[in-house]
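Every chain is numbered from 1 and lettered A, B, ... according to where its sequence line falls, protein lines coming before strand lines.
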Number of protein chains: 2
Amino acid sequence: MNVKTLCLGILTFGDATGYEIKKAFQDKLSQMYDAGYSSIYPALNQLTKEGFVSCRQEAQNKRPDKKVYSITTEGRLFFIEELKKKPAEDKFRSEALTTLMFAHLLPARTTSDLIDSLIASYEQYIQDLSTDCDMKQSHSEKFLCGMGITIRKAAITYMQENRHLIEADALLSQQAAE
Amino acid sequence: MNVKTLCLGILTFGDATGYEIKKAFQDKLSQMYDAGYSSIYPALNQLTKEGFVSCRQEAQNKRPDKKVYSITTEGRLFFIEELKKKPAEDKFRSEALTTLMFAHLLPARTTSDLIDSLIASYEQYIQDLSTDCDMKQSHSEKFLCGMGITIRKAAITYMQENRHLIEADALLSQQAAE
DNA sequence: TACGATATATATCGAACCGAAATATTACGA
DNA sequence: TCGTAATATTTCGGTTCGATATATATCGTA
C-alpha cells in the first residue's frame, strides 16, 4: 500500500482531478494516511502509463487545463488485489513526545510548556474532528473519525495524570544544577 | 527534528556506535520515533564532517572496525537549539485502518478478519510493552511507554464497541450483490 | 556435532515520500 | 481596494525507508 495505490482507491468513489484526490486524502483518510501533491501528481502519471487510470483533459477558461482521472477495469482489479495484501504495521511519529526524552537538557518551564501546548493541540484536533465527524455520511468515515477522537482523548487524560513524572525529574535536575 | 539531530540527542546519553544508536532508537524512542541503519550511518558521517561528533575507530579481532562516536561541545549546543524549535505535528499512518475505507470492495468476512487481526496485533504490542515498561529506569521512558499502552488500549476498546458500524455495511452491500 | 537462528557491525542502492516554491486566475470578505 | 483563500498542476531538493551485501561469533537444539 502506497500513495499510488491509494489514488486508485479514491478513484473507486468516482472520477477526480489530482487536486480533488488531495482533498479526498484530507477528508476521508487524513486520520490514517496523508499525501501531498508531490506524491499524488507523479503517481497519477505513472498510473496512466500503466493503464490503471484514464485521463481526459478539460479546458477551462483562463485556468490551467483540468485533468480528470477515471479508474479502468484493470485498475479496479489491481486495487482489489492490493487491498487483500497484509497491511504494513501502524506507524506513529511524534517530535513533541520525543523531545520529552531530553527534558533533562532543557529548563523545567520549557518541559511544562511543551506538555501544555501538546494537550492544547490535541484538544483543538478533537474539536475540529468532532464537527467534521457529524457531517460524515458513511459509517466507515464515522468509524475512523471516532477512532481519531478516542485516541487523542485517551492521550490527553494520560498526559494530565502522568505529567508529574516528567516534571518532577526536570525540577530535580534543575535544582541539582543550581 | 530529524534522524541526524536525534542521533546527536542519543549521544548526549553517552558514546555509542551506529549499531548501538539504532538500538537506542528502538529501546528509548521506538514509541515515538524510529530510524533505520540507512538513515543513521549517513547521518553520523555528516555529523562528523560538521564537527558535531568525533569518531574513534576501535579495531576488533576478526570483526569490522567499531566506530565509536562522541558528541562534541558544538554538537551539544546545536542539539539544545534544535530542541527549542517548535516540533512538527504528530503523524500517524495505518494501512490497516485505511483498508477499512474500502470495505465495500471486499467480502464481509475479510473486513471482520482485518479488525480481528488489528486488535490482536495491538494486544500483542501492549503485552510486549508492559514487560519492557517495568524495566525502564527513567521516568521519561516510563511516561512514553505508558502512553503507548494507553493509546492502544483505548483503540482496542473503541474498535470492539464500534466495529458493528463497518461490519453491518459490509454485510448489507454483500446481500445487495447477491 | 552440525545446523540454523540470532547478535554484532557497517555500508549502500533505489524507491518513496515530504515540504516548499513557482505559476496563474477567480472569488470573497474586510 | 487589498489581501487571502480556493482552484489546479508541476517540480526541486532533501529525507527516509526497505532491502541487500558482507563477515563473524555465539547460542540453542536436534
Side-chain angles (χ1 to χ4, degrees), chain A residues 1-8 15-27 29-30 32-50 53 55-69 82 85-93 95 98, chain B residues 1-8 15-27 29-30 32-50 53 55-69 82 85-93 95 98:
Chain A
M1 182 92 89
N2 52 24
V3 173
K4 204 170 107 185
T5 308
L6 279 173
C7 287
L8 220 42
D15 296 356
T17 65
Y19 188 75
E20 286 164 342
I21 288 173
K22 163 79 174 153
K23 274 199 296 185
F25 267 102
Q26 283 170 340
D27 295 347
L29 299 178
S30 75
M32 305 308 158
Y33 207 108
D34 209 357
Y37 294 123
S38 49
S39 303
I40 292 168
Y41 283 108
L44 288 170
N45 287 331
Q46 269 190 269
L47 288 167
T48 308
K49 266 187 221 160
E50 292 164 348
V53 304
C55 171
R56 59 173 191 280
Q57 210 133 348
E58 286 181 8
Q60 298 189 117
N61 49 337
K62 294 187 183 170
R63 280 203 187 170
D65 280 3
K66 192 195 269 194
K67 291 183 185 173
V68 183
Y69 293 90
E82 287 296 307
K85 289 186 183 168
K86 188 170 165 277
E89 289 267 298
D90 291 0
K91 269 168 221 160
F92 175 63
R93 169 167 290 187
E95 291 191 8
T98 302
Chain B
M1 182 91 88
N2 53 22
V3 174
K4 204 170 109 185
T5 309
L6 278 173
C7 286
L8 220 43
D15 296 356
T17 65
Y19 187 75
E20 286 164 341
I21 288 173
K22 163 79 174 153
K23 274 198 297 184
F25 268 102
Q26 283 170 339
D27 295 347
L29 299 178
S30 75
M32 305 307 159
Y33 207 108
D34 209 357
Y37 293 124
S38 51
S39 303
I40 292 168
Y41 283 110
L44 288 170
N45 286 331
Q46 270 190 268
L47 288 167
T48 308
K49 267 188 219 158
E50 292 165 349
V53 302
C55 172
R56 61 173 190 281
Q57 210 134 348
E58 287 181 7
Q60 298 189 117
N61 50 336
K62 293 187 181 171
R63 278 201 190 174
D65 280 5
K66 193 193 267 192
K67 292 184 186 172
V68 183
Y69 293 91
E82 288 294 307
K85 289 186 185 167
K86 187 167 166 280
E89 289 267 299
D90 290 1
K91 268 168 222 162
F92 175 64
R93 169 168 290 188
E95 293 191 6
T98 301

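- Partners of A:Tyr33 under the side chain to side chain donor-acceptor pair (under 3.5 Å) rule, at least two apart in sequence or in another chain, are B:Arg93.
- The interatomic distance linking A:Lys66 (NZ) with D:dT10 (C1') rounds to 18 Å, in whole Å.
- Rounding to the nearest 0.5 Å places CD1 of A:Ile40 at 11.5 Å from CG of A:Leu47.
- Under the rule for a salt bridge (charged side-chain N to carboxylate O under 4.0 Å, His left out), the partners of B:Glu82 that lie at least two apart in sequence or sit in another chain are B:Lys85.
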Which pairs would a plain distance check flag for residues 15-27 of chain B, meaning a side-chain donor or acceptor within less than 3.5 Å of a matching protein atom at least two apart in sequence or in another chain?
residue: B:Asp15; atom: OD1; partner: B:Ser70; partner atom: OG; Å: 3.2
residue: B:Asp15; atom: OD2; partner: B:Arg56; partner atom: NH1; Å: 3.3
residue: B:Asp15; atom: OD2; partner: B:Ser70; partner atom: OG; Å: 3.0
residue: B:Thr17; atom: OG1; partner: B:Tyr19; partner atom: N; Å: 3.4
residue: B:Thr17; atom: OG1; partner: B:Glu20; partner atom: N; Å: 3.1
residue: B:Glu20; atom: OE1; partner: B:Thr17; partner atom: N; Å: 2.9
residue: B:Lys22; atom: NZ; partner: B:Ala35; partner atom: O; Å: 3.2

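- Among residues two or more places apart in sequence or in another chain, the salt bridge (charged side-chain N to carboxylate O under 4.0 Å, His left out) test is passed with A:Lys4 by A:Glu50.
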For nucleotides 12-19 of chain D, print each protein N/O atom paired with a nucleotide N/O atom at under 3.5 Å, atom names and distance only.
residue: D:dT16; atom: OP1; partner: B:Val3; partner atom: N; Å: 3.4
residue: D:dT16; atom: OP1; partner: B:Tyr33; partner atom: OH; Å: 3.4
residue: D:dT16; atom: OP2; partner: B:Val3; partner atom: N; Å: 3.4
residue: D:dC17; atom: OP1; partner: A:Arg93; partner atom: NH2; Å: 3.1
residue: D:dG18; atom: OP1; partner: A:Lys91; partner atom: NZ; Å: 3.1
residue: D:dG18; atom: N7; partner: B:Ser38; partner atom: OG; Å: 3.4
residue: D:dG18; atom: O6; partner: B:Ser38; partner atom: OG; Å: 2.9

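- To the nearest angstrom, P of C:dG19 lies 12 Å from CD of A:Gln26.
- For the pair B:Ile40 CD1 and C:dA11 C1', the computed distance is 13 Å after rounding to whole Å.
- Remark: P of C:dT10 and CG of B:Leu44 are 9 Å apart, rounded to the nearest angstrom.
- Scored by the side-chain contact (heavy atoms from CB on, under 4.5 Å) test, A:Ser39 finds A:Val3 as partners (sequence neighbours excluded).
- For A:Thr5, the side chain to side chain donor-acceptor pair (under 3.5 Å) partners two or more places apart in sequence, or in a different chain, are A:Asn2.
- Between B:Lys91 and A:Phe92 the shortest side-chain heavy-atom distance does not fall below 4.5 Å.
- Not counting sequence neighbours, the partners of A:Thr48 by the side-chain contact (heavy atoms from CB on, under 4.5 Å) test are A:Val53, A:Tyr69.
- If you take OH of B:Tyr41 and P of C:dT12, they are 12 Å apart, rounded to a whole angstrom.
- When the local axes at the two ends of the helix from C:dT1-D:dA30 to C:dA30-D:dT1 are compared, using 5 base pairs at each end, they differ in direction by 50° after rounding to 10°.
- Using a 4.0 Å cut-off on heavy atoms, the residues of residues 17-25 of chain A that approach DNA chain D are A:Thr17, A:Gly18, A:Tyr19, A:Lys23, listed by number.
- A:Leu29 places its CG atom 14 Å from the P atom of C:dC17, with the value rounded to the nearest Å.
- Of the options A:Lys86, A:Met32, A:Glu89, A:Met1, a side chain to side chain contact (heavy atoms under 4.5 Å, CB included) to B:Glu95 is made by A:Met1 and by none of the others.
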